[in-house]
Amino acid sequence: MSKMYTGSGRVFQEVSSLPVDEEGLQDIKRRVKIQPHFLGEPLVVVAEAEDFPTVCQPGDETMVAIDSIGRCAAVTIAMGVADIDQQIATLQLAAHLAQVSNEDIGRLARNFIDRPANEQLRRLWEDMDVEMSEDSVEIASLLAAAFERDAEDFFSLVNNSQRIIIAAEGFSSRLVGVIEWMNHHGVNAIGLRYRKFIVGGQDVFFAEQVVPKTDPAVDGSEQHKPTEQIEPWRIKGRAYHAERLNPRLVAIMDDILKATKDSTFTVNWNNKYYFWIRGPRRNLRVRTYSRDHLEIGFYNAAPAAVAEFLEPYDLSGLEVVSVGGYSDSPFVTIGPDMRLDERWAALLNDWLSGANPGKTRVSLRKH
C-alpha cells in the first residue's frame, strides 16, 4: 500500500495497486472498445477474436483496431506476464490482416457492433453519423468521424500495413526479444505495461509503452559491451552521420532537426545509414547513405499516399521515389543547394503530428 498526496484539502489518499483478475480483464476490454486511447494513441476498434474463427481460439482476448493513418492493428490485452506462447494468435492475426480487403473489414465491423455486448459502441457510432448498411460499415466514414478528418483522406490508406499491440501486466524476455526483432525488421509492434489502481474507491488504469524501449540510449543487450565494440553511430549519434555528409547537408540535417523539434518525441541514431525522427503519430527515416544528398523517408506509407500528402505544400519538382531495401518508406531527395523554408517545416511537422494538410493548406508562393 502506498499513499499519494492529492493537494485537495491537504490530505493524503490511499492508493493500492492490484493484479487484474478475469473480471477486471473483461472490464478493461469493454473500456478499450469505447475509449481505445487507453492504448496510448488514437485508435478505433472494429473487430474481435470471434470474428476470426480460423485464426483465433475461443476466449482469446484479441481485437482489431485501426489507427489514425489507416493501419490495422492486432491488439491483445493479457493478464499477468505475457509470453510468446500466449501471443501466437496475435502474431497470426496481424499476418492474416494483410490479406483482408477494405470491404471485408467493413463487414467485420458491422458484425462486431451488432453483438449485444457492443450495443453501447453501436449507439456511439450512430451518434457520430457513421455510414452503415445492413451488412457493412463504411470504414473511411468511421475513421473520419473518429479522428475528425475527411473520409477521402482514408480511401487509399486503410490497411496498407499492419501493426501489433500487446498490453499486459508484464512481458517475458522471450516476448520482448520477438517484439524488438520485429521492429528491427520493419514490423510496427509495441508492448504496453498496464496497472490497475484503486484511488479513493475508484478504479484507475495506467498504461505505458515498455517494449521496445522508448529511450534512444544504448539498450540492455549492449550496456555490458566494451565501448569500442559498440557501433559508432550508437556512440556518436548526430556526429557519426555528420561525418559522412557534405557540410551543406549537415546544415540541412540540423535545420530539419530544429524545425521538427516541437513535433518530435525522440531522435534515434541507431543505424549506420539512417536515423529516425519519431513523432506522436508518424515517423520520418532520414537516410544519410550518400555524401551528396539526404533522403527523407515517410515511414509506413504508400508512395501514392505520400505524393498526395505533399501536394498542398507547393514544392514543385519534388519526386517521391522508392529505394531498394526500404519498401516501407517512400523517400524524397534533398540536395546540398536546396533551402528548407517554412513550407518544409510545415510539411515535416504535419507528417509527424498526423495533421491533415488538406484542411490547413500551406502555400507560400509570392504573387
Discussion item. Show, in sequence, the C-alpha distance, side-chain angles and deciding distance for I277 and I256, and conclude whether the side-chain contact (heavy atoms from CB on, under 4.5 Å) test is met.
Written reply: CA-CA 10 Å; I277 301 176; I256 291 172; 3.8 Å; yes
Worksheet item: Can V100 and C72 be said to form a side-chain contact (heavy atoms from CB on, under 4.5 Å), step by step?
Response: CA-CA 10 Å; V100 176; C72 282; over 6 Å; no
Discussion item. Working note: I77 + V32, criterion side-chain contact (heavy atoms from CB on, under 4.5 Å); need CA distance, chi angles, decisive distance, verdict.
Written reply: CA-CA 9 Å; I77 302 173; V32 167; 3.7 Å; yes
Item to complete: Please test Y326 against E295 for side-chain contact (heavy atoms from CB on, under 4.5 Å), starting from the C-alpha separation and ending with a verdict.
Response: CA-CA 12 Å; Y326 299 88; E295 294 162 321; over 6 Å; no
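With a 4.5 Å cut-off on side-chain heavy atoms, W344 and R339 do not count as touching. Under the 4.5 Å side-chain criterion, counting only non-hydrogen atoms from C-beta, R291 is not in contact with L245. Annotation: side chain of I66 is not in contact with side chain of L142 (no heavy-atom distance under 4.5 Å). No side-chain heavy atom of W125 sits less than 4.5 Å from a side-chain heavy atom of N118. Residues D51 and V64 form no side-chain contact, since every pair of their non-hydrogen atoms from C-beta on lies 4.5 Å or further apart.
At least one donor-acceptor pair closer than 3.5 Å links the side chain of N159 to the backbone N or O of L97. Between the side chain of E180 and the backbone N or O of G177, no donor-acceptor pair lies under 3.5 Å. In this structure, the side chain of E169 does not engage the main chain of P19 through any donor-acceptor pair within 3.5 Å. Under a 3.5 Å cut-off, the side chain of D60 and the backbone N or O of Q57 do form a donor-acceptor pair. Remark: side-chain polar atoms of T266 are not paired, donor with acceptor, to backbone N or O of N268 under 3.5 angstrom. Side-chain N or O atoms of H96 include none that pairs as donor or acceptor with a backbone N or O of Q92 at under 3.5 Å. R110 places a side-chain N or O within 3.5 Å of a backbone atom of S133 that can act as its donor or acceptor partner. In this structure a side-chain-to-backbone donor-acceptor pair under 3.5 Å is present from D21 to G24. R122 places a side-chain N or O within 3.5 Å of a backbone atom of I113 that can act as its donor or acceptor partner. Looking only at distances, no side-chain donor or acceptor of S329 sits under 3.5 Å from a matching main-chain atom of G297.
For F112, there are no ring pair (Phe, Tyr, Trp, His ring centres under 6.0 Å) partners at least two apart in sequence or on another chain. Not counting sequence neighbours, the partners of A259 by the side-chain contact (heavy atoms from CB on, under 4.5 Å) test are A345. Take K33 and apply the salt bridge (Lys or Arg N to Asp or Glu O under 4.0 Å) test, not counting sequence neighbours, and it matches E48. Taking the side-chain contact (heavy atoms from CB on, under 4.5 Å) definition, one finds that K272 meets it with W233, Y240, sequence neighbours left out.
Here the closest heavy-atom approach between residue Q87 and residue A78 is recorded as NE2-CB, 4.0 Å. Of all heavy-atom pairs spanning A168 and G80, the tightest one is CB-O, 3.8 Å. Contact detail for G106 and S136: the closest heavy-atom pair is C-OG, 3.4 Å. Here the closest heavy-atom approach between residue I252 and residue G335 is recorded as CD1-O, 3.5 Å. Smallest separation of non-hydrogen atoms from D85 and R174: OD2-NH2, 3.1 Å. The shortest non-hydrogen separation linking G354 to R282 is CA-NH1, 3.4 Å.
Between R107 and E103 no salt bridge is recorded (no basic side-chain N to carboxylate O distance below 4.0 Å). Salt bridge D27/K196: absent, no basic N to carboxylate O contact under 4.0 Å. Under a 4.0 Å N-O distance rule, the pair R248/D337 does not qualify as a salt bridge. Classification of D254 and K258 as a salt-bridged pair fails, no side-chain N sitting under 4.0 Å from a carboxylate O.
The CG atom of D114 sits 8.5 Å away from the CE atom of M132 when rounded to the nearest 0.5 Å. Residue I296 holds its CD1 atom at 13.5 Å from CZ of R285, rounded to the nearest 0.5 Å. Note that CZ of R343 and CG of D314 are 6.5 Å apart. Values are rounded to the nearest 0.5 Å. Summarising the geometry, atom CG belonging to D255 is positioned 10.5 Å from atom OG1 belonging to T260; distances are rounded to the nearest 0.5 Å. Rounding to the nearest 0.5 angstrom, the gap separating the CG atom in L108 from the CD atom in E50 is 11.5 Å. Taken from CG in L25 to CE in M79, the straight-line distance is 5.5 Å, to the nearest 0.5 Å.
With a 6.0 Å radius and a threshold of 12 heavy atoms from other residues, nucleotides or ligands, E243 has its CD atom above the threshold. Sparse packing is recorded around CD of E23, with 12 or fewer heavy atoms of other residues, nucleotides or ligands lying under 6.0 Å away.
Linking ILVMFWY side-chain heavy atoms closer than 4.5 Å, directly or via other members, places L257 and L348 in a single hydrophobic cluster. With hydrophobic clusters built from ILVMFWY side chains whose heavy atoms lie under 4.5 angstrom apart, L294 shares a cluster with L315. Two different hydrophobic clusters hold V250 and Y274 under the rule that ILVMFWY side chains link at heavy-atom gaps under 4.5 Å. No chain of hydrophobic side-chain contacts below 4.5 Å, direct or via other Ile, Leu, Val, Met, Phe, Trp or Tyr residues, connects F331 to I334. Taking hydrophobic clusters as Ile, Leu, Val, Met, Phe, Trp and Tyr residues chained together by side-chain heavy-atom distances below 4.5 Å, V321 does not share a cluster with L318.
Cluster partners of V81: none. The rule joins Ile, Leu, Val, Met, Phe, Trp and Tyr whenever side-chain heavy atoms lie under 4.5 Å apart, and it links nothing here.
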Tabulate below the donor-acceptor pairs under 3.5 Å that side-chain atoms of residues 34-42 make, not counting sequence neighbours, or state none.
unit_1: E41; atom_1: OE1; unit_2: R163; atom_2: NH1; d: 2.9
unit_1: E41; atom_1: OE2; unit_2: R163; atom_2: NH1; d: 3.4
unit_1: E41; atom_1: OE2; unit_2: R163; atom_2: NH2; d: 2.8

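Side chain to side chain, T333 and H293 fail the donor-acceptor criterion of an N or O pair below 3.5 Å. Judged by distance alone, the side chains of N300 and N283 never bring a donor and an acceptor atom under 3.5 Å apart.
The aromatic rings of H241 and W269 sit tilted, their planes meeting at an angle between 30° and 60°. Note: F154 and F147 have tilted aromatic rings, judged against thresholds of 30 and 60 degrees for the angle between ring planes.
Tested against I84 for a side-chain contact (heavy atoms from CB on, under 4.5 Å), the candidates I179, L91, V176 yield a single pass: L91. Test F309, Y299, Y313 against W351 for ring pair (Phe, Tyr, Trp, His ring centres under 6.0 Å) and you get one pass: F309.
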